Amino acid sequence: MTSSVLKISDLRVSVDDKPILRGVDLEIRQGEIHALMGPNGSGKSTLAYALAGHPKYEITGGSIEVDGQSLNELDACARARLGMFLAFQYPVTIPGVRVADFLRHAVTNMRNPDRKEGEGLMPMREFRTELRSQMDALGVDAEFARRYLNDGFSGGEKKRMEIIQLAMLKPKFAILDETDSGLDSDAVRVVSEGINKLSGPQMGVLIITHHERLLEFNRPQFTHVMLAGKIVETGDAGLAHELHAHGYAGVRERHPVEAAEEKDIVPVAAGV
Ligand SMILES: Nc1ncnc2c1ncn2[C@@H]1O[C@H](COP(=O)(O)OP(=O)(O)O)[C@@H](O)[C@H]1O
Ligand SMILES: [Mg+2]
């Protein structure tokens, strides 16, 4: 089996007509784990949203391709069908929709790209068997599937939902924007163990995080550093470690041009 590749070339993205990403190159193969780090406001989440096809993030140049097929003009659903998965940072609460209902719709749509609105869902028995086995493997209590989606979910439960989605949808490329604020230790453990169980030759992972534990548990083969809307350095897991230990001062010194451009992108330098 040949492995798929997600190729991002000279990607330029604007938000409200303001250029944020200014030429990002990144290539991720199925089976690889990449970490994306960088100071606050450098454009990491913007990259994640642009990859997912969020309408607010306008691609003004460059390309996003999966196995040579351009995603630029595709909406979020079409991208998901080509194997892209983005864990949204602001999961919506949908009263009356249970976790299992939501997943059954998502899985059905993903596996039957030509399905019309109102056509049948994946057979209940088959779906339940699959969901139960995935939840067992992840150590999630069966009761969780009966909860209302995101209704009163703790940080850890939101992450559990994200990981179950990953397990059921089996994307080729998972983009996980795990901002560190709001990730309590339970949530970090859920994400760490989940990615660890689910990643493998079939999944390429881009983890956006500063969290040491996440990256220790899921050692990235590649660490990328973003500064002012560009990836300025790429290294191995050692680079992530160095950034944890010493912060971004060294990166700014090594890339004075981008460091000077930070003020054009970040309205208030957060100083991380
Ligand atoms: N939804 C948005 N609305 C307005 N500005 C945004 C939005 N998303 C990103 N930006 C702009 O892009 C810059 C980079 O933000 P972001 O991609 O969230 O950085 P990071 O995730 O690296 O902290 C922000 O400083 C802001 O100016
Ligand atoms: Mg962010």
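Each ligand, and each atom within it, is numbered from 1 in the order the structure gives. The first residue in the sequence is number 1, and the count goes up from there. Being a predicted model, the structure only gives us computed values, none of them experimental.
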Self-check item: Distance-minimising heavy-atom pair for Val13 and Thr60
Solution: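 So the two residues come closest at N-OG1, 4.1 Å.
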
Quiz item: Which atom pair, heavy atoms only, marks the closest approach of Val24 to Gly229?
Solution: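 Looking at all heavy atoms of both residues, the shortest contact is CG2-O, 3.6 Å.
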
Quiz item: Between Asn72 and Ser63, does any side-chain donor sit less than 3.5 Å from a side-chain acceptor?
Solution: no

Can [X] be said to touch ligand 1, with heavy atoms closer than 4.0 Å?
{"X": "Met226", "value": "no"}
{"X": "Gly43", "value": "yes"}
{"X": "Tyr49", "value": "no"}

Quiz prompt | ring pair (Phe, Tyr, Trp, His ring centres under 6.0 Å) contacts in which one or both residues fall within residues 113-154, not counting sequence neighbours | solution =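 For residues 113-154, and leaving out neighbouring residues, the ring pair (Phe, Tyr, Trp, His ring centres under 6.0 Å) pairs sorted by first residue read Phe144-Phe153.
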
Practice problem: Kindly write out the residues that satisfy salt bridge (charged side-chain N to carboxylate O under 4.0 Å, His left out) with Arg219, not counting sequence neighbours, or none if the list is empty. | Solution: none

Quiz item: How long is the gap from CE on Met226 to CD on Glu258, to the nearest 0.5 Å?
Solution: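 Rounded to the nearest 0.5 Å, the CE-CD separation comes out at 11.5 Å.
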
Quiz item: Say you draw a straight line from CG of Leu51 to CG of Leu11; how long is it, rounded to the nearest 0.5 Å?
Solution: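 Answer rounded to 0.5 Å: 7.0 Å.
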
Self-check item: the Mg ion (ligand 2) to nearest N/O/S of Asn40 less than 2.8 Å
Solution: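 Within the cut-off used here (under 2.8 Å), Asn40 places no N, O or S atom near the Mg ion (ligand 2).
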
Counting each atom of ligand 1 from 1 as listed, which ones have a heavy atom of [X] under 4.0 Å away?
{"X": "Ile20", "value": "11 (C), 12 (O), 13 (C), 14 (C)"}
{"X": "Asn40", "value": "23 (O)"}
{"X": "Lys18", "value": "27 (O)"}
{"X": "Ile265", "value": "25 (O), 27 (O)"}
{"X": "Val15", "value": "2 (C), 3 (N), 4 (C), 5 (N), 6 (C), 7 (C)"}

Quiz item: Quick one: which of Arg125, Lys170, Arg104 gives a salt bridge (Lys or Arg N to Asp or Glu O under 4.0 Å) with Glu130?
Solution: Lys170

Exercise. Name the option, out of Lys44, His54, Met37, Lys56, that contains the heavy atom nearest to atom 2 (C) of ligand 1.
Key: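 That would be Lys56.
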
Quiz item: What do we get for Thr46 next to ligand 1 when only non-hydrogen atoms under 4.0 Å count, side chain, backbone, both or neither?
Solution: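 Both parts.
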
